[in-house]
Amino acid sequence: MALSICYLEAPNSVADWTKKCLYIDQEFYELLYTYFSEISVNSKLRDMVTISYDQELVIDWDDLKDTLDDLNRIKEKRAIMHPQVDLLSKVLNQAIARKSKLAVSGDMYPDLSQRK
């Protein structure tokens with residue numbers, strides 16, 4: 001599966017998927033999914049990779065810093081090496097600076113969260 005991410009600028013706004021700010025590819029999704037399936041942690045970053053196909057998750061502004069902290073811990077440990085780690089960090093930093101939310105949507109199969 002891949003993930004689409006876009007900014008939600010206005011309160012109670014609806015995600016405009018034509019203006020996505022990042023498309024997390026299948027490889028990065030699988031790396032994140034594997035990482036979070038091996039540890040037990042409550043995290044919005046974990047929630048992102050466990051959503052189902054065509055499901056949407058909104059990360060509120062209050063949760064963005066924690067999400068960025070989780071991603072930075074992954075980077076520091078070198079637990080995941082992928083070019084999109086830095087892109088996701090950039091998007092999270094921009095959302096924090098803009099005081100916006102992020103919408104995340106599952107996009108295309110295979111959906112690893114449905115595997116047993």
Side-chain angles (χ1 to χ4, degrees):
M1 190 164 77
L3 299 171
S4 292
I5 301 175
C6 73
Y7 298 111
L8 290 175
E9 301 289 351
N12 302 319
S13 63
V14 176
D16 181 357
W17 296 108
T18 64
K19 298 179 182 175
K20 64 181 168 265
C21 58
L22 181 62
Y23 190 79
I24 292 178
D25 66 27
Q26 176 76 28
E27 180 184 7
F28 186 37
Y29 163 78
E30 287 181 9
L31 290 169
L32 286 168
Y33 186 88
T34 301
Y35 175 80
F36 282 107
S37 66
E38 294 171 354
I39 64 170
S40 178
V41 65
N42 190 13
S43 161
K44 289 294 180 183
L45 196 53
R46 181 184 189 283
D47 293 347
M48 280 175 49
V49 297
T50 57
I51 63 174
S52 298
Y53 172 77
D54 212 22
Q55 186 179 11
E56 188 175 305
L57 169 74
V58 174
I59 302 175
D60 291 321
W61 186 81
D62 294 340
D63 294 323
L64 290 172
K65 183 164 181 351
D66 291 337
T67 305
L68 181 60
D69 289 344
D70 291 340
L71 187 61
N72 286 335
R73 278 190 287 280
I74 290 170
K75 283 172 60 174
E76 289 167 8
K77 291 182 198 176
R78 297 183 180 258
I80 296 176
M81 304 296 290
H82 190 279
Q84 287 193 318
V85 172
D86 290 331
L87 293 174
L88 182 54
S89 290
K90 182 179 176 183
V91 167
L92 289 165
N93 276 311
Q94 288 175 342
I96 290 166
R98 294 162 77 155
K99 293 188 172 23
S100 67
K101 300 175 185 179
L102 286 179
V104 181
S105 177
D107 186 34
M108 83 181 185
Y109 289 99
D111 179 351
L112 297 180
S113 68
Q114 299 302 310
R115 291 187 183 171
K116 302 246 182 212

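Throughout, residue positions are numbered sequentially from 1 according to the sequence presented. None of the values given here were measured: they were computed from a predicted structure.
For the pair Lys75 and Asp86, the salt-bridge criterion is met [side-chain N within less than 4.0 Å of a carboxylate O]. The residues Asp69 and Lys65 are annotated as salt-bridged, a charged nitrogen and a carboxylate oxygen being separated by less than 4.0 angstrom.
Between Gln26 and Ala2, the closest heavy-atom pair is OE1-N, 4.1 Å. When all heavy atoms of Tyr33 and Val49 are compared, the closest pair comes out as CD1-O, 3.2 Å.
Under a hydrophobic-cluster definition in which Ile, Leu, Val, Met, Phe, Trp and Tyr are linked whenever side-chain heavy atoms come within less than 4.5 Å, directly or via other members, Val41 and Leu45 are assigned to the same cluster. In the hydrophobic cluster analysis, where Ile, Leu, Val, Met, Phe, Trp and Tyr join through side-chain heavy atoms closer than 4.5 angstrom, Ile24 is grouped apart from Met81.
Of the possible donor and acceptor atoms, one in the side chain of Gln55 sits under 3.5 Å from a partner among the backbone N and O of Ser52.
Looking at Ile51 and Val104, their side chains come closer than 4.5 Å, going by heavy atoms from C-beta outward. Considering only heavy atoms from C-beta on, Lys44 stays 4.5 Å or farther from Leu64 through its side chain. Within the 4.5 Å cutoff, the side chain of Ser105 has no heavy atoms near those of the Leu3 side chain.
Rounded to the nearest 0.5 Å, atoms SG (Cys21) and OH (Tyr7) are 4.5 Å apart. Here the CG atom belonging to Leu88 is positioned 6.0 Å from the CG atom belonging to Leu22, to the nearest 0.5 angstrom. Distance check: Tyr35 OH to Leu31 CG gives 12.0 Å after rounding to the nearest 0.5 Å. Here CZ of Arg98 is found 12.5 Å from CD1 of Ile96. Values are rounded to the nearest 0.5 Å. To the nearest 0.5 Å, the span separating CD1 on Ile39 from CZ on Arg46 amounts to 8.5 Å. Distance CG/Asn93 to CG/Asn72: 7.5 Å, rounded to 0.5 Å.
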Under the criterion side chain to side chain contact (heavy atoms under 4.5 Å, CB included), I'd like the reasoning laid out for Leu102 against Thr67: C-alpha separation, chi angles, the key distance, then a yes or no. CA-CA 11 Å; Leu102 286 179; Thr67 305; over 6 Å; no
Applying side chain to side chain contact (heavy atoms under 4.5 Å, CB included) to Leu57 and Met48, what does each step give before you reach the verdict? CA-CA 7 Å; Leu57 169 74; Met48 280 175 49; 3.9 Å; yes
Worked verdict on Ser100 versus Trp61 for side chain to side chain contact (heavy atoms under 4.5 Å, CB included): CA-CA 6 Å; Ser100 67; Trp61 186 81; 5.9 Å; no
Decide yes or no on side chain to side chain contact (heavy atoms under 4.5 Å, CB included) for Leu87 and Phe28, but give the supporting numbers first. CA-CA 11 Å; Leu87 293 174; Phe28 186 37; over 6 Å; no
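A side-chain contact (heavy atoms from CB on, under 4.5 Å) with Lys101 is found for exactly one of Asp63, Asp62, Asp60, namely Asp60.
Side-chain polar atoms of Gln84 and Tyr23 form no donor-acceptor pair below 3.5 angstrom.
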